[in-house]
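Down below is the structure, laid out as structure tokens.
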Amino acid sequence: MPSDYEFTSIETRWMKDWIERKAWAAPEVPDPGRKRYALTMYPYPSGDMHMGHVEIFSIHDAIARYLRMNGHQVLNPIGFDAFGLPAENAAIQRGIDPKKWTYSNIDKLYSSAQRLGCSFDWDRKIATCDPEYYKWNQWFFLKFYERGLAYRREAPVNWCPKDKTVLANEQVVNGRCERCDTPVVKRYLAQWFFKITDYADRLLEDLDLNHGWTERLKSLQRNWIGRSYGAEVEFEIEGRDEPVVVYTTRPDTLWGATFFVVAPEHELATELTVGTPVEDRLAEFREEVGRLTEIDRTSTERDKQGLFLERYAINPVNGERIPIWAADYVLTDYGTGAIMAVPAHDQRDFEFARKYELPIRVVIEPPGEHLDADTMTESYAHDGVMVNSDRFDGTPADRSVQVVTDWLQEHGLGRHAKNFRLRDWLISRQRYWGTPIPIVYCDHCGEVPVPEDELPVVLPEDVDFAPSDQASPLATATDWVRVTCFKCGGPARRDTDTMDTFVDSSWYFHRYVDPHNDDAPYDVERSNAWMPIDQYSGGIEHAVLHLLYARFVQKVLMDMGMAKDPEPFPNLLNQGVVTMYGKRMSKSRGNIVEPQEAFERYGADALRLFMLFSGPPEANFDWPEEGVTAIEARTFRWLNRVWLFCEENRDVVSVGDLATEPEDDALRRQIHRTIKVVTEDFERFSYNTAIARLQELVNQAYRYKSVGGGHPQVIREFMETLLKLLAPMAPYLTEEQWHRLGHDDSVHEQTWPSFDPDLAAEDVVTMVVQVNGKVRDTIEVATSITEDEMKDRALASEKVRSHVGERTIAKIITRPPRLISLVVPESDRS
RNA sequence: GCGAGAGUGGCGGAAUUGGCAGACGCGCCAGCCUUAGGAGCUGGUGCCUUCGGGCGUGGGGGUUCGAGUCCCCCCUCUCGCACCA
């Protein structure tokens with residue numbers, strides 16, 4: 001009586017074996033045509049491994065192992081996104097050194113990944129908090145600076161009052177801090193930006209190169225970049241030399257522009273009121289607006305607030321004097337920060353006009369209808385015909401924008417223009433645990449970049465981590481801050497902010513090809529040999545963060561001659577998240593299921609299969625109420641069934657030629673069909689159905705034994721095929737049984753099985769007979785059946801005949817060999 | 001409001017091209033085995049049924065010999081964007 005699957009010692013043995021002989025090491029440079037770069041988004045080391053990691057790694061590892069078995073040289077590295085707020089917060093709350101905290105988490109996560117049986121190339125490990133890594137963040141920063149892609153500017157920025165740092169637009173979700181959910185406020189600060197807007201068109205257009213992206217993800221990015229087409233129009237301002245430019249998507253409504261609005265924070269507002277009685281009221285108004293959180297400011301329910309600046313602009317198309325207002329519904333950083341207001345045809349302008357009793361003039365009407373400005377209750381923003389617009393009266397809406405813009409351009413009043421929702425990437429952070437920005441400030445020379453040979457600017461350790469509203473933690477490292485200017489040798493101060501950690505993750509996949517390089521971020525030749533990433537996997541939560549920033553940086557690298565591919569990851573698999581009771585697992589919710597317990601009770605393979613079997617990889621996985629015990633019923637018992645079959649049958653040896661019986665052929669056919677469909681399933685990442693097919697095969701093998709089947713070659717073919725097909729998903733059990741079957745090499749180094757087409761083809765199929773579209777009989781037939789035979793067999797069926805009755809058959813549709821459909825008149829059935 | 005995606009048994013899900021809806025598994029039911037079972041084995045399991053059959057993939061209509069799949073309308077849910085001019 002063979003014993004059950006005892007995984008503990010087996011897992012330990014093979015884990016050691018794989019690591020010691022570097023089983024997953026990729027060559028420095030791959031053979032041409034054989035490379036596959038498989039990458040999973042590097043994890044943030046916030047503690048030990050959690051179920052989210054287990055899911056991602058299980059899927060990703062199945063991909064990598066499958067590629068390897070298909071003869072590819074696979075680069076499958078792992079590293080750690082090691083900078084970031086949680087380390088610092090842990091340091092503040094528990095008095096632990098952020099460095100120690102981070103590295104100890106990295107150690108835990110690294111060995112848990114080994115225990116899970118991941119096939120990473122362990123020696124390529126990187127941690128972004130190593131000076132050897134972040135030195136190159138600083139190097140890239142300087143390169144960006146040289147190219148005019150990094151600049152410092154005072155601007156209204158998103159400030160999280162709890163985390164006490166600024167945030168990028170991408171990190172503000174519904175007006176709240178993405179990390180701690182605190183409402184964000186605007187602050188005026190001098191900050192560093194990366195000029196991602198220079199690449200907006202390319203980021204938009206190259207999305208089509210990413211064939212392996214979901215439409216959903218592409219649409220998220222398109223939305224975020226938000227390109228719109230329209231016109232820039234010049235408005236003269238009374239008493240000002242220079243005209244002011246506004247951006248509009250509807251230049252055809254210019255004749256309906258009855259007032260002009262600037263954002264309260266806009267410098268034009270200050271300029272227009274300085275020295276006038278309005279000056280103080282504007283300052284007050286601006287302060288009022290500044291106190292609002294982004295949520296309040298952008299709430300559509302809130303009443304729009306405005307202030308008449310007592311100045312006038314001239315409408316360029318009709319020379320009308322229109323009043324200039326400051327209003328909180330106009331944003332400083334979109335377009336030019338000033339707009340022409342067309343209340344009749346824009347809902348926001350309409351509400352504002354009604355509130356402050358400003359004139360409304362209709363210039364677009366629905367065909368054949370009249371709109372009355374005095375009685376309308378909302379703006380009319382649909383298609384129509386131009387009216388009250390001089391020579392353009394009667395122009396239909398489908399041409400009006402083009403025609404008017406052409407005319408404006410001809411007369412020097414405006415021009416065609418486009419605009420983006422995307423803003424430049426704010427990379428300064430007022431926090432400690434990140435890459436110091438390699439810039440010093442000199443009273444004499446101003447902003448001075450740290451020379452390359454002075455890199456890295458190492459993060460100081462003697463720092464008060466506690467964040468404040470006034471200064472970054474690094475400012476408390478007074479000795480570190482004080483430097484001599486690299487240009488003039490005079491006194492200077494270091495920039496005390498650190499970089500957004502998304503800078504780190506925007507190029508880490510290049511570092512993996514050459515992780516120990518001291519002279520450059522990476523060797524370009526090597527990177528070119530491995531890039532692009534053939535299969536990337538990770539969560540969709542990075543849709544407009546990492547996945548957008550990394551694409552931007554890749555394009556800059558390309559322009560610098562450091563990359564050859566416009567897109568770094570054309571194929572992307574977005575796994576779902578692991579939840580329980582529909583909510584993301586988290587300590588604060590108390591709905592955590594620990595992988596450690598699962599490892600101990602059921603082993604890594606059962607846990608991996610459990611994740612893979614639950615559903616498609618893109619779907620979220622809601623952990624069942626039972627907790628880890630669910631693994632027992634769903635996958636551990638089946639693994640044990642596989643184990644016992646191998647234990648009971650591995651000593652079956654061949655004794656010369658054996659005649660094959662029909663049941664032998666049946667099992668062989670099933671084996672080859674299974675190879676075919678499981679291979680197809682792997683190609684489309686459909687692991688849940690692959691496992692289902694393997695379960696069917698195992699069921700069939702047990703049935704074969706129970707009816708007396710026992711052909712040694714067939715049994716062996718079954719076991720070896722099963723182990724190979726299962727190996728990418730359950731690496732430990734398959735490795736152990738592979739060796740128990742007498743092999744000296746690893747199952748993971750075997751070639752993925754191929755099928756015999758003759759065997760995989762079905763010889764007998766079930767032919768369905770329909771009468772008027774309804775299934776009336778099913779008949780077992782040979783695959784090679786002819787259409788005539790099909791008709792004969794169908795018409796011979798009692799069941800079919802009773803449904804046809806006396807009626808004549810009007811039409812017969814045959815789809816050999818599976819289907820025949822008889823059409824008879826619906827009338828009086830007797 | 002704009003954009004994207006989804007809706008299938010008690011549950012997770014399957015059906016790649018318009019061709020037997022519900023594979024595989026969980027759960028449940030019955031039986032066998034066992035001192036015992038949270039083990040193992042066998043069979044059953046969409047709903048209704050007068051046992052002929054009828055109905056069935058969110059609802060309604062359409063195309064077709066045939067629709068979960070294609071087309072139109074509607075409902076619900078999820079996600080993203082949203083005072084972006």
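Naming convention: chains lettered A, B, ... in sequence-line order (proteins, then strands); numbering from 1 in each chain.
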* Send over the distance from A:I225 CD1 to B:G80 P, rounded to a whole Å. => 18 Å
* Structure fact -> Among B:G53, B:A15, B:C65, the one nearest any side-chain atom of A:R684 is B:A15
* What distance, rounded to whole Å, do you find between the two P atoms, one in B:G56 and one in B:A67? -> 11 Å
* Provide, to the nearest angstrom, the distance between the CG atom belonging to A:L545 and the P atom belonging to B:C79. => 17 Å
* Asked: So, A:R415 and A:E234, do they make that salt bridge, N to O below 4.0 Å?
  -> yes
* Looking only at atom P, what distance separates B:G27 and B:G7, rounded to whole Å? -> 26 Å
* **Which nucleotide in B:G19, B:C20, B:G54 has an atom nearest any side-chain atom of A:T766** => B:C20
* Quick one: which of B:G38, B:C65, B:G54 gets closest to the side chain of A:T629? -> B:G38
* Decide whether a cation-pi geometry holds between A:R421 and A:Y334; the criteria are a distance under 6.0 Å from NZ or CZ to the six-membered ring centre and an angle within 45° of the ring axis. => no
Report each atom pair, protein N/O against N/O of nucleotides 41-51 of chain B, whose distance is under 3.5 angstrom.
{"residue": "B:C41", "atom": "OP1", "partner": "A:R641", "partner atom": "NH1", "Å": "2.6"}

* Measure the distance from NZ on A:K774 to P on B:G53 and round it to the nearest whole Å. => 13 Å
* Structure fact -> Rounded to whole Å, CG of A:L819 lies from P of B:A67 at a distance of 12 Å
* Contact class for A:T248 (heavy atom, under 4.0 Å): base, sugar-phosphate, or nothing? -> sugar-phosphate
* Within the modelled atom types, does a donor on one side and an acceptor on the other bring the side chain of A:K811 and the base of B:C65 under 3.5 Å apart? -> no
Review item, side-chain donor-acceptor pairs of residues 171-178 of chain A, under 3.5 Å, at least two apart:
{"residue": "A:Q171", "atom": "OE1", "partner": "A:A168", "partner atom": "N", "Å": "3.1"}
{"residue": "A:Q171", "atom": "OE1", "partner": "A:R429", "partner atom": "NH2", "Å": "2.6"}
{"residue": "A:R176", "atom": "NH1", "partner": "A:D181", "partner atom": "O", "Å": "3.0"}

* Same-atom distance (C1') from B:U57 to B:U76, integer angstrom -> 16 Å
* Asked: Can A:D208 and A:K218 be counted as an ion pair, charged N to O under 4.0 angstrom?
  -> no
* **A:S228 side chain, from C-beta outward: closest of B:C65, B:A85, B:G13** => B:A85
* **B:G18: pairing nucleotide in any strand, Watson-Crick or G-U under 3.5 angstrom** => none
* Asked: Touch check for A:R637, heavy atoms < 4.0 angstrom, all strands: base, sugar-phosphate only, or nothing?
  -> sugar-phosphate
* Base-pairing assignment for B:U45 (Watson-Crick or G-U wobble, both under 3.5 Å) -> B:G27
* To do: Evaluate the ring planes of A:Y329 and A:F352, with Trp represented by its six-membered ring, and classify them as parallel (under 30°), tilted (30 to 60°) or perpendicular (over 60°).
  => tilted
* Look at A:D333 together with A:R423 and state whether they make a salt bridge at an N to O cut-off of under 4.0 Å. => yes
* If only side-chain N and O atoms of A:Y334 are considered, is one of them under 4.0 Å from the OP1 or OP2 phosphate oxygen of B:A85? -> yes
* To do: Check every strand shown and say whether A:E680 touches a base, only sugar-phosphate, or nothing at a heavy-atom separation below 4.0 Å.
  => base
* Asked: Reckon A:P616 touches a base, only the sugar-phosphate, or nothing at all at heavy-atom distances under 4.0 Å?
  -> sugar-phosphate
* Asked: When the aromatic ring centroids of A:W623 and A:F621 are compared, is their separation below 6.0 Å?
  -> yes
* Counterpart base for B:A4, defined by Watson-Crick or G-U wobble contacts under 3.5 Å -> B:U78
* To do: Quickly work out the A:N699 CG to B:C26 P distance and round it to whole Å.
  => 10 Å
* Asked: Counting any heavy atom closer than 4.0 Å, what does A:R815 reach on the DNA or RNA strands: base, sugar-phosphate only, or nothing?
  -> base
* For nucleotides B:C29 and B:C47, find the distance between their P atoms and express it as a whole number of Å. => 15 Å
* Asked: Heavy atoms, side chains only, cut-off 4.5 Å: are A:V233 and A:L254 in contact?
  -> yes
* To do: Check the distance between B:A85's P and A:F420's CZ and give it to me in whole angstrom.
  => 13 Å
* Pairing of A:R222 and A:E215 as salt bridge, 4.0 angstrom limit -> yes
* **Identified pairing partner of B:G66, criterion: Watson-Crick or G-U wobble below 3.5 Å** => none
* State the pairing partner of B:G40; accept Watson-Crick or G-U wobble contacts with both distances under 3.5 Å, and report none otherwise. => B:C32
* Asked: Whole Å only: how far is the OH atom of A:Y356 from the P atom of B:C83?
  -> 18 Å
* Using a heavy-atom cut-off of under 4.0 Å over every strand shown, decide if A:V330 touches base, sugar-phosphate, or nothing. => base
* **Validation row: A:L548, A:I225 side chains within 4.5 angstrom (heavy atoms)** => yes
Restricting to nitrogen or oxygen on both sides, can you table the protein-nucleotides 3-12 of chain B pairs closer than 3.5 Å?
{"residue": "B:G12", "atom": "O2'", "partner": "A:S614", "partner atom": "O", "Å": "2.6"}

* Base B:A23 to side chain A:R693, donor-acceptor N/O within 3.5 Å cut-off -> yes
* **P spacing across the pair B:C55 / B:G68, given as an integer number of angstrom** => 13 Å
* Asked: Where does B:G52 land, syn or anti, given syn is within 90° of 0?
  -> syn
* Could you classify B:G31 for me, syn or anti, using a glycosidic angle within 90° of 0 as syn? => anti
* Asked: Considering only side-chain heavy atoms of A:E632, which listed nucleotide, B:A14, B:G38, B:A82, is closest?
  -> B:G38
* **C1' spacing across the pair B:G52 / B:G60, given as an integer number of angstrom** => 31 Å
* Could you tell me whether A:R250 and A:D346 make a salt bridge, using a distance below 4.0 angstrom between a side-chain N and a carboxylate O? => no
* Short side-chain N/O contact to B:A85 OP1/OP2 from A:R250, under 4.0 Å -> no
* Distance between C1' atoms of B:U64 and B:C26 (Å, rounded) -> 38 Å
* Asked: Taking side chain as C-beta onward, heavy atoms only, is A:T674 less than 4.5 Å from A:T721?
  -> no
* Nucleotide nearest A:R348 when distance is taken to its side chain, options B:G54, B:A15, B:A85 -> B:A85
* To do: Identify whether the distance between the nearest side-chain nitrogen and carboxylate oxygen of A:E351 and A:K355 falls below 4.0 Å.
  => no
* So which one's nearest nucleotide on RNA chain B is more toward 5', A:E696 or A:G335? -> A:E696
* When you compare B:C74 with B:G19, how far apart are their P atoms, in angstrom units rounded to a whole number? -> 28 Å
* Mind calculating the distance between CG (A:L612) and P (B:G25) to the nearest angstrom? => 17 Å
